[in-house]
Chemist: 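Take this structure first; my questions come after.
Keep in mind that the numbers below use all heavy atoms, side chains included, and drop hydrogens, waters and symmetry copies. Every value quoted in this text rests on a predicted model; they were computed, and no experiment measured them.
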Amino acid sequence: MLYLRGNPTPHSLLNCSLNNIFYVHFIHFICVRLSQFHVHVHVVMDERLLECFLQALKTQLKKPDIPLLTSTFYRSYMLEQCPTSQKLDIKKSSYKKLSRFLAV
C-alpha cells in the first residue's frame, strides 16, 4: 500500500495508480514465466522417465526376473539407465507417482 504525504493531488494519485498497475503487470509476468518453467521441467522429466523405462525394458529386464515389485523395477532398473550427468526424479514429473506413470 502506498501512503502519500500531505494533500494528494490528481497528479500524485495518477502516479500511484500507474505504479500499482505496473507492479500488478510485473507480478503477472513473473507468475506466467514461472508456470512456463514449471511446465518445462515436467516435460523434460517425463521424457527422461519414458526413456529410462524403455531402456530398462529393452536392455536389463530378463524373463526370469518377472514378476517383480514396481519399486524394485524403478530402483534397480530404471535408475541405472539414467545418465550419470542427469537425475531421474518421478516427483518432478507430471505423474508424481510411479503407479500413475505405469498406468498410462
Chemist: Side-chain heavy atoms under 4.5 angstrom apart, residues restricted to Ile, Leu, Val, Met, Phe, Trp, Tyr: same cluster for I66 and L69?
Modeler: no
Chemist: May I ask you to test the L68-Y77 pair for a side-chain heavy-atom distance under 4.5 Å?
Modeler: yes
Chemist: Working to the nearest 0.5 Å, report the span between CZ of R75 and OG1 of T70.
Modeler: 10.0 Å
Chemist: Are any of the side-chain heavy atoms of L49 and M78 separated by less than 4.5 Å?
Modeler: yes
Chemist: Could you check whether any side-chain N or O of K96 sits under 3.5 Å from a backbone N or O of K91, counting only pairs where one atom can act as donor and the other as acceptor?
Modeler: yes
Chemist: Show your reasoning for whether side-chain contact (heavy atoms from CB on, under 4.5 Å) applies to F53 and L102.
Modeler: CA-CA 10 Å; F53 173 76; L102 295 173; 3.7 Å; yes
Chemist: Working to the nearest 0.5 angstrom, can you tell me the gap between L50 CG and Y95 OH?
Modeler: 7.0 Å
Chemist: Restricting to non-hydrogen atoms, name the atom on C82 and the atom on Q86 that form the minimum distance, rounded to 0.1 Å.
Modeler: SG-O, 3.6 Å
Chemist: Using 0.5 Å steps for rounding, measure from the CD atom of Q60 to the OG atom of S76.
Modeler: 9.0 Å
Chemist: Rounded at 0.5 Å granularity, tell me how far NZ in K87 sits from CE in M45.
Modeler: 9.0 Å
Chemist: Going from CG on L61 to CZ on F73, what distance comes out if it is rounded to the nearest 0.5 angstrom?
Modeler: 6.0 Å
Chemist: On a heavy-atom basis, which atom in Y74 and which in L88 lie closest, and how many Å separate them?
Modeler: OH-O, 3.5 Å
